[in-house]
Number of protein chains: 2
Amino acid sequence: MTKARKAILEALKASVQPVTAMMLAKEPSLSYDQATVYRNLHYLEELGMAQSFILHCSEHGTERYYSYRGADSGIHHHWFHCEKCHRFIDLGSCGYDEQMHAWEKKWDFTITDHTFFLTGICSACKA
Amino acid sequence: MTKARKAILEALKASVQPVTAMMLAKEPSLSYDQATVYRNLHYLEELGMAQSFILHCSEHGTERYYSYRGADSGIHHHWFHCEKCHRFIDLGSCGYDEQMHAWEKKWDFTITDHTFFLTGICSACKA
DNA sequence: GGAAAATTTGCGAATGACTTGCAAATTTGT
DNA sequence: ACAAATTTGCAAGTCATTCGCAAATTTTCC
């Protein structure tokens, strides 16, 4: 595993919030080329050490957000996104496995991935 | 309501599958400028007559897909996307209202929108 | 440990979805 | 039908993300 790879993985692991490739590329302590960051995030996601979702918000546009995912403990996280302060709240795993299974049976398709997240106004921003 | 607007809304209503702005812009029977198509899709979504979601698939990249939504009957649809044949299956409304409410209570945030869809291989493509 | 093979990096340029400024055309209000 | 308001087409711009390629790093094998 290369230096860049390791550093990016550590940054992901250390971050409480999901981050974009650009955020990591601009992080002074990393200072890897954006292409390198993008490539390594892809790589880490393929390995199953990172997970991502695409979010569009009026203020930041459309971007892919990455978060850490333990190699084995592989919990698929879902998030709430506050449109005001742009912070994320980790909702944990969605627990829809049963529902998914029901759908697979009903329609006879095979689910390889699911996307789920919420947007709204967080507690702090409501006040 | 302008001619373009009406035509685009009709196209949406007529389409069984969610469509992208580009698909509509390239549709010979419509032949409106892409800017016009994009602007009107935004407009229709604001009105509540269209709904959309952003999907990334390896073959077609990242694009926003629109579908018709009756002005009042406003059912929020969710979809399964087949990665092979690129067709969508309408799953109807997700029926997670209770779960959402539970989350709102637990975290004290207000949900204004939710994104949910599945990807995988459809029945036909498995065979 | 070191040289060759394989992979990765940085840079700059390209891609592709989507947006925007602006003048001309259409629609609306009266 | 006329003036005001909105929308359209066009061309150029924006922005996240990707790609080609030569140089640098990592891995492999002896």
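Quick note: numbers below take in every heavy atom, side chains included, and nothing from hydrogens, waters or symmetry partners. Throughout, a chain's letter reflects where its sequence line sits, starting with A, and its residues are numbered from 1.
For C:dC18, neither phosphate oxygen OP1 nor OP2 lies less than 4.0 angstrom from any side-chain nitrogen or oxygen of B:H42. Checking the phosphate oxygens (OP1, OP2) of D:dT17, a side-chain nitrogen or oxygen of A:Y38 falls inside 4.0 Å.
For the pair B:E63 CD and C:dT15 P, the interatomic distance rounds to 17 Å; values are reported in whole Å. Rounded to whole Å, atom P of C:dG16 lies 13 Å from atom CD of B:Q34. Distance, B:K3 NZ to C:dT28 C1': 16 Å, rounded to whole Å. Computed from coordinates, the A:I54 CD1 to D:dT18 C1' distance equals 14 Å when rounded to whole Å. For A:R64 and D:dT17, the CZ to P distance is 8 Å, given to the nearest whole Å. Counting to the nearest Å, the C1' atom of C:dG10 and the CD1 atom of A:I8 are 13 Å from each other.
If you look at A:F117 and A:F80, their ring centroids are not closer than 6.0 Å.
Looking at heavy-atom distances under 4.0 Å, A:H60 makes no contact with the nucleic acid at all. Residue-level contact check: B:M1 touches the backbone only, with heavy atoms under 4.0 Å from sugar-phosphate atoms and none from bases. The residue A:H56 sits apart from the nucleic acid: no heavy atom pair falls under 4.0 Å. A:T20 comes within 4.0 angstrom of no nucleic acid atom, judged by non-hydrogen atoms across all strands.
Using a 3.5 Å distance cut-off with no hydrogens or angles, the side chains of A:S15 and A:Q17 do not pair a donor with an acceptor. For the residue pair A:E98 and A:H101, no side-chain donor N or O sits within less than 3.5 Å of a side-chain acceptor on the partner.
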Tabulated below should be each protein N or O lying under 3.5 Å from an N or O of nucleotides 1-8 of chain C; please produce it.
residue: C:dT8; atom: OP1; partner: A:R5; partner atom: NH2; Å: 2.3

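The aromatic rings of B:H114 and B:H78 sit tilted relative to each other, their planes meeting at an angle between 30° and 60°. A perpendicular orientation is assigned to the rings of B:H86 and B:H81, their planes being inclined by more than 60° (bins at 30° and 60°). Classification of the A:W79-A:F88 ring pair by plane angle, with boundaries at 30° and 60°, yields perpendicular.
Of the residues near DNA chain C, A:D33 and B:T62, the one whose nearest nucleotide (by heavy atom distance) lies more toward the 5' end is A:D33. Between A:R39 and A:A21, the residue anchored closer to the 5' end of DNA chain D is A:A21, taking for each the nucleotide with the nearest heavy atom.
Environment of NZ in A:K84: sparse, with no more than 12 heavy atoms of neighbouring residues, nucleotides or ligands closer than 6.0 Å.
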